[in-house]
Amino acid sequence: MINRFHVHFSLLVCTVLEIMPMPISFGTYRPDWLLMGLVFWNMFFPQNINIGIAFFYGLILDVLLGYTLGMHALAFSLIMYVASIHHLRFKNYSIWQQSGILGLYTAFFNMVLFWLQHWFNDAFFQLNYFWPTATTMFLWPWCFWLLNRVRKERLRH
Amino acid sequence: MKPIFNIGPSIESRLFVAVFFAVTLLIADGVYQFSKPIRVTLNSLVYPIKFIASLPGEFLEESSALFVTQGDLLAEREILISEIMQLREKAQRFDILEEENAQLRSLMDAPLAPEFAKTIVELLAVDNSPYSQQVLVNKGALDGVFLSQPVLDDQGIVGQINDIAPTESRVLLITDIAHAIPVRILRNNVRLIANGSGNTNRLNIKYVAHSADIEVGDLLVSSGLGEVYPAGYPVGVVSDIIRDESKPFAQVNATPLARLDRIRYLLLLDTQAPLTGQAQQVDTQ
């Protein structure tokens, strides 16, 4: 069974990591923490953690980062749709395969964000926009291990 | 336990609803800016998250402030004293020039440049996703900060306030891709528009005719058009010009004078309430 407190607490930690102040040169490499958290919980509780929750956290992120409302909400919803469809397959992959698939998800996520920014704010394409994909892929095994411990901690009690 | 059958609406219908709401929000906010008046409320709702996120940085800053040696402090004091002496010497000349300028302007019947009340703010956080270059500062609606208030540092214009929470506010930097500032060249008063480039060290100057009189090293100051920034504050220096005749306009870049990558303290100009009585008279004329 799902413990909502653990799920939302870890998602809040992810949100905090997303907006944590960092030196200006590291900002480009900031991994998509919230995306990792959402994909992880969706993999184990696809009934409870899916598009609605993703939309909600996306909206919070929009307010926190001062974006046009709905930008992250839309991007997260789309990713969660793809992730929910494939959650069973994703769960059975090895951790390295998962990290590869997650790379595709984050690339798609950053792509959607770029398109939206392009339409609303005339952003020009820079390869920099895809650094989060690399760092997210790199951090996924550790993030998975940590979140899995949170999940199992729950099961034991 | 995992249910065998899905509960609730199918994943496709959930997606449809989410996308529908997101697109509605995007259009309402991106095109019609409906969230402008409620942003303060929204920001105060998520303030706890922001507060938690700012804790590690503050802790580091305070603990590093604890371990400053006396020697460092003395050296810093030395530098500050010499800086103050130099500035005071400049101020002596400036007072005389200002008076003279006011007299000359009154002879010509030109309006005086008003002086503004200034507030010093401190940097709280840097938000630099590639799409938005913004910083958070520690004064907000409760301190009388207002939307589009100009923000400077000791070298030049930094940006404007674009989002206000009760105790903090967000500054849109002049290098943000969504920002543009009307400028003129100090040397010959040619008027231009400097757009943000998304890099902290570059401004793109658009729509410069190939024949325009502009040179590398020209100082750009705010022109006062657009009614956000007061006239005459330094913005940047022209860094390179590419005159490719096959393109409709010359490609001109400038380097901002404000040190946007190492912001610590900033000045807010209160342009809504000029200081001197003289200036107010001019305003009512």
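Per chain, numbering begins at 1; letters A, B, ... match sequence-line order. What you see below is based on every heavy atom in this structure, not just the backbone, and it leaves out hydrogens, waters and symmetry mates.
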Chemist: Please rank Val63(A), Thr15(A), Leu59(A), Leu12(A) by heavy-atom pairs under 4.5 Å with chain B and give me the top one.
Modeler: Val63(A)

Chemist: For Asn110(A), which atoms come within 4.5 Å of any heavy atom of chain B: side chain, backbone, both, or neither?
Modeler: backbone

Chemist: Tyr67(A) vs His72(A) aromatic rings, parallel, tilted or perpendicular, using cut-offs 30° and 60°?
Modeler: perpendicular

Chemist: Tell me, for Ser197(B) versus chain A, whether the close heavy atoms (under 4.5 Å) come from the side chain, the backbone, both or neither.
Modeler: backbone

Chemist: Name the region of Arg262(B), side chain, backbone, both or neither, that has any atom closer than 4.5 Å to a heavy atom of chain A.
Modeler: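 Neither part, no heavy atoms under 4.5 Å.
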
Chemist: Answer with side chain, backbone, both or neither: which region of Phe114(A) has an atom nearer than 4.5 Å to a non-hydrogen atom of chain B?
Modeler: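 Both parts, heavy atoms under 4.5 Å.
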
Chemist: Mind ranking Leu64(A), Thr68(A), Ile51(A), Leu69(A) by heavy-atom pairs under 4.5 Å with chain B and telling me who comes out on top?
Modeler: Leu69(A)

Chemist: Ring centroid separation for Phe76(A) and Phe109(A), is it under 6.0 angstrom?
Modeler: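 When the ring centroids of Phe76(A) and Phe109(A) are compared, they turn out to be within the sub-6.0 Å range.
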
Chemist: Measuring only between side-chain heavy atoms, which start at C-beta, is Leu147(A) closer than 4.5 Å to Trp41(A)?
Modeler: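 Yes, close enough: below the 4.5 Å cut-off.
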
Chemist: Where on Phe34(B) is there a heavy atom nearer than 4.5 Å to chain A: the side chain, the backbone, both, or neither?
Modeler: side chain

Chemist: Mind ranking Ser84(A), Ala73(A), Gly66(A), Gly58(A) by heavy-atom pairs under 4.5 Å with chain B and telling me who comes out on top?
Modeler: Gly66(A)

Chemist: Tell me, side chain or backbone of Leu78(A) under 4.5 Å from chain B's heavy atoms, or both, or neither?
Modeler: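 Contact with chain B is through both the backbone and side chain of Leu78(A).
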
Chemist: When you measure from the side chain of Lys91(A) to the backbone of His86(A), do you find a donor-acceptor pair of N or O atoms at a distance under 3.5 Å?
Modeler: no

Chemist: Using ring centroids (six-membered ring only for Trp), state whether Phe144(A) and Phe40(A) fall under 6.0 Å.
Modeler: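 Close enough - the centres of the two rings lie under 6.0 Å apart.
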
Chemist: Relative to the ring of Trp131(A), is the ring of Tyr29(A) parallel (under 30°), tilted (30 to 60°) or perpendicular (over 60°)?
Modeler: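 Perpendicular.
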
Chemist: Within the distance-only criterion (no hydrogens, no angle test), does the side chain of Asn42(A) pair as donor or acceptor with the backbone N or O of Ile49(A) below 3.5 angstrom?
Modeler: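 Pair found, side chain donor or acceptor close to backbone of Ile49(A).
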
